[in-house]
Amino acid sequence: MTRLSSFVFLSIVQLLLLISTDSFGQDVSKESLKWNIALDIDLSADSTASAYNSYFITYGQDKIEWITKRTDKTGQVSTTSNKLTITSSTGSWQNIKEDGGIQFGVSMNKSEGVFTAKRASGVYAITVNLTGKTGGRLMKEFKISGVAKP
């Protein structure tokens, strides 16, 4: 093979590999994914919505990190990190580029509940519903602006 034909052959192989890996979405139960939050809706109160720099990182069926960055009136940025431990899973969502969903049983601190990630009609959303041992509740829905590898 000449150098030019070798180069063309290798370029075609690389292109085919790129197309094949990009055409399949990530499996939520196996891959680590970062879910960027566009809007946070409090379902336990009056459905008030807040926008701030926040995201989830799901680590397959192992754990979920919930990272929140807020800026106060003085410009100080504070970061909060919460870890949700996955205790169970229901469903299978093998391609996040297609509509689907998965539900995880989770625990965080002294609370237990459900973390649900889904895509319907091309729109991503996450709901978190936690109940504390003393009766406190956290019920939120998050509109997701994008999902990618962390």
Side-chain angles (χ1 to χ4, degrees), residues 10-73 75-150:
L10 288 175
S11 296
I12 291 171
V13 168
Q14 288 174 335
L15 180 62
L16 289 173
L17 285 173
L18 179 64
I19 291 170
S20 66
T21 56
D22 191 41
S23 64
F24 298 101
Q26 290 84 15
D27 184 334
V28 176
S29 63
K30 295 179 182 173
E31 303 285 335
S32 293
L33 299 169
K34 181 179 179 183
W35 307 76
N36 292 310
I37 298 171
L39 196 59
D40 169 347
I41 303 166
D42 188 349
L43 300 175
S44 62
D46 56 1
S47 296
T48 56
S50 305
Y52 52 88
N53 187 4
S54 186
Y55 57 90
F56 291 100
I57 299 178
T58 54
Y59 297 91
Q61 293 188 38
D62 183 33
K63 67 180 178 178
I64 301 165
E65 284 184 289
W66 180 5
I67 311 296
T68 305
K69 294 182 181 181
R70 296 182 190 238
T71 306
D72 67 16
K73 294 176 185 177
Q76 264 318 90
V77 177
S78 63
T79 301
T80 304
S81 176
N82 291 293
K83 179 183 166 191
L84 291 85
T85 302
I86 297 174
T87 57
S88 65
S89 68
T90 304
S92 174
W93 188 12
Q94 297 176 349
N95 185 347
I96 63 163
K97 293 183 179 182
E98 296 177 1
D99 287 356
I102 192 163
Q103 186 175 61
F104 296 114
V106 294
S107 63
M108 181 178 82
N109 301 326
K110 295 181 181 182
S111 298
E112 295 182 352
V114 177
F115 176 99
T116 304
K118 66 180 179 179
R119 177 182 155 163
S121 300
V123 178
Y124 294 100
I126 289 176
T127 55
V128 177
N129 189 345
L130 297 171
T131 302
K133 300 221 184 273
T134 59
R137 294 209 53 151
L138 172 77
M139 296 186 326
K140 291 190 172 263
E141 180 178 359
F142 301 91
K143 301 298 182 186
I144 305 300
S145 61
V147 183
K149 290 245 183 211

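Here the structure is a predicted model, which is why all the values come from computation and not from measurement.
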Colleague: Which atom pair, heavy atoms only, marks the closest approach of T116 to V114?
Modeller: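 Minimum heavy-atom contact is OG1-CG1, 3.5 Å.
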Colleague: Look up atom CD in Q61 and atom NZ in K30, then write down how far apart they are to the nearest 0.5 Å.
Modeller: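 So the CD of Q61 and the NZ of K30 are separated by 9.0 Å.
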Colleague: List the atom of S81, the atom of I67, and the distance in Å for their closest heavy-atom pair.
Modeller: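 Looking at all heavy atoms of both residues, the shortest contact is OG-CD1, 3.3 Å.
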Colleague: Donor-acceptor check, side chain of S29 to backbone of G60, threshold 3.5 angstrom: yes or no?
Modeller: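 No; zero donor-acceptor contacts below 3.5 Å.
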Colleague: So, F142 versus W66, ring centres under 6.0 angstrom or not?
Modeller: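 Ring-ring flag for F142/W66: true, centres closer than 6.0 Å.
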Colleague: So, do R137 and N129 sit near enough that their side-chain heavy atoms are less than 4.5 Å apart?
Modeller: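 The answer is yes, as the side chains (C-beta and beyond) meet within the 4.5 Å cut-off.
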Colleague: Nearest 0.5 Å please: distance from the CG atom of L33 over to the OH atom of Y55.
Modeller: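 So the CG of L33 and the OH of Y55 are separated by 14.0 Å.
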Colleague: Does atom NZ of K63 have more than 12 heavy-atom neighbours, drawn from other residues, nucleotides or ligands, at distances under 6.0 Å?
Modeller: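 Enclosed: over 12 neighbouring heavy atoms sit under 6.0 Å from NZ of K63.
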Colleague: Keeping the roles fixed (side chain from D99, backbone from G122), state whether a donor-acceptor pair exists under 3.5 Å.
Modeller: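 A pair under 3.5 Å: yes.
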Colleague: Please report the closest heavy-atom contact between V106 and T87, naming both atoms and the distance.
Modeller: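 So the minimum-distance heavy-atom pair works out to N-OG1, 3.7 Å.
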Colleague: Taking the side chain as everything from C-beta on, heavy atoms only, tell me whether R119 gets closer than 4.5 Å to I96.
Modeller: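 They are not in side-chain contact.
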Colleague: Just wondering, are more than 12 heavy atoms of other shown residues or ligands nearer than 6.0 Å to NZ in K110?
Modeller: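 For K110, atom NZ is not crowded (no more than 12 foreign heavy atoms under 6.0 Å).
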Colleague: Tell me the closest heavy-atom pair linking T79 and K69, and the distance in Å.
Modeller: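 Minimum heavy-atom separation between T79 and K69: OG1-CG, 3.6 Å.
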Colleague: Nearest 0.5 Å please: distance from the CD1 atom of I41 over to the CE atom of M139.
Modeller: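 So the gap between those two atoms works out to 12.5 Å.
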Colleague: Mind checking the CG-CG spacing from N109 to L130? Nearest 0.5 Å is all I need.
Modeller: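 The CG atom of N109 sits 9.5 Å away from the CG atom of L130.
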Colleague: Are the side chains of W35 and I64 in contact, using a 4.5 Å heavy-atom criterion?
Modeller: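 No - every pair of side-chain heavy atoms lies 4.5 Å or more apart.
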Colleague: If I compare all heavy atoms of S107 with all of E112, which pair ends up nearest, and what's the gap?
Modeller: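 Distance-wise, the nearest heavy atoms are CB-CG, 4.1 Å.
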Colleague: If we only count heavy atoms from C-beta on, is the L84 to F104 side-chain gap below 4.5 Å?
Modeller: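 The answer is no; the side chains never approach within 4.5 Å.
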Colleague: Kindly compute the distance separating CD1 (I144) from CZ (F56), expressed to the nearest 0.5 Å.
Modeller: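 Answer for the CD1-CZ pair, I144 versus F56, is 6.5 Å.
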Colleague: From Q26 CD over to N95 CG, what is the distance, rounded to the nearest 0.5 angstrom?
Modeller: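 It comes to 8.0 Å.
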Colleague: In terms of relative ring orientation, are W93 and Y124 parallel, tilted or perpendicular, with 30° and 60° separating the classes?
Modeller: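 Aromatic pair W93/Y124 classed tilted.
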Colleague: How far apart are the C-alpha atoms of T127 and E141, what are their side-chain angles, what is the distance that settles it, and do they pass the side-chain hydrogen bond (donor to acceptor under 3.5 Å, both in side chains) test?
Modeller: CA-CA 4 Å; T127 55; E141 180 178 359; over 6 Å; no
Colleague: Can you find a heavy atom in the side chain of L138 that is under 4.5 Å from one in the side chain of S111?
Modeller: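 Side-chain contact under 4.5 Å: no.
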